[in-house]
Number of protein chains: 2
Amino acid sequence: MVSVNQSDLLVEITKSVVEELKKHHLLDGQTRKEFVPVSVSARHIHLQQEHVRLLFGDGYSLTPMKDISQPGQYAAQEKVTIKGPKGAIENVRILGPLRKQSQVELSRTDARKLGLQLPVRNSGNLKGSSPVTLIGPRGSVTLDEGGIIADRHIHMTPSDAMQYGVTDGQKVSVAVEGEKSGVMGQVTIRVKDRYALDMHIDTDDANAFGLAGGELLKIIP
Amino acid sequence: MVSVNQSDLLVEITKSVVEELKKHHLLDGQTRKEFVPVSVSARHIHLQQEHVRLLFGDGYSLTPMKDISQPGQYAAQEKVTIKGPKGAIENVRILGPLRKQSQVELSRTDARKLGLQLPVRNSGNLKGSSPVTLIGPRGSVTLDEGGIIADRHIHMTPSDAMQYGVTDGQKVSVAVEGEKSGVMGQVTIRVKDRYALDMHIDTDDANAFGLAGGELLKIIP
């Protein structure tokens, strides 16, 4: 008898089921889902508790303003300034709830303006990512790491994953139609019980492919 | 006996030759060239004579600063401010020589900042494109049309076109490797005698695909 996380267990079971179905070509037909809705993530910041204190003062708590696409997450009323060697960007939104480690998600356009070299990373994978300075109303903090360009990714539940014939961590491509058509590669599938089905791209990808958010895009396995 | 433009004639001959070669599958082998160098075009402006006068004063001439990739074209020393309903962008470079109609090439990121709705267009195809206001040191001018997002395109000579197996006006796709990999669609082939072989993309495409300029990208016919 071992204790396992229910979510991890579901992910593992889904993987096994999908692999079995693939062996028997049961995911090859018309029944496989292909299209996912896309959302555009503007630059934003996730904060750890200590950094809320340094930026906004002792005992301060973030003020939720509105829910965002992933359940439990919210845009906070609070905004701060991001500073780099070449410039600054004001009024950058903070998203809640708090995280274990602060994370600053920017586009490459932002990075150039700030003079930062940002790696493309999965959310939470911050080891060796870029230092970045945040300036709030009550103080500032320089993160040793935490500045990233978020990778293109698609959130979905284990049930979605089975219907799309994909597994957690898989890299897929996604096709875009229109006058700035093309294919986005290296799109990471992220599977969790609590996820809402949604592809997330940053503003550079949105602007390059002429996407405003809300479009349905086709997954190419 | 008819009088024809030599460049147009070369383009037509090249098209015919390429079609014949294709029929005989002579362009199918390893001999077809595939890779083109890419350059990143920052926002810039081409001016007509009258607008130089309005922005910089009577009798003013642009001052060439340095040559750019296409022969005969240059970056001028002069810069102006672009203004839109939602904001302004300062220090936008003017490129010479003068054109018959002023043209303002911006990224969608720029367009959002300015509050402009820009169509994706070939250079010179300005009918019904966006109004835009320019502010120079001696005056300002509002263009009725001329604001565009330049389409992705590849400049080449008729000889290049034959070696790549493409024709003037053809739309191709171009593959990009790397952590922001993918495919750019709707890339226009532009063939002229005087063109230097070079793919041009804007800063949104460059930032979305992680390109700095100077990379070799593969054409997918």
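Side chains are part of it too, since the values below use all heavy atoms of this structure and drop only hydrogens, waters and symmetry mates. Just so it is clear: chains get the letters A, B, ... in the order the sequence lines come, proteins before strands, and each one is counted from 1.
In this structure, Gln117(B) places its CD atom where only 12 or fewer heavy-atom neighbours from other residues, nucleotides or ligands lie under 6.0 Å away. Heavy atoms from other residues, nucleotides or ligands lying under 6.0 Å from CD of Glu177(B) number 12 at most.
Heavy-atom distances place no part of Ser173(B) under 4.5 Å from chain A, backbone and side chain included. With a 4.5 Å cut-off on non-hydrogen atoms, Asp151(B) does not touch chain A at all.
The two residues Arg112(A) and Asn207(B) come nearest to each other via the heavy atoms NE-OD1, 2.8 Å. Nearest heavy atom pair, residue Arg108(A) against residue Glu179(B), reads NH2-OE2, 4.3 Å.
Taking the charged nitrogens against the carboxylate oxygens, Asp204(A) and Lys180(B) have no contact shorter than 4.0 Å, which rules out a salt bridge.
Chain B forms more heavy-atom pairs under 4.5 Å with one residue of Gly178(A), Gly182(A), Ser181(A), Gly185(A) than with any other, namely Ser181(A).
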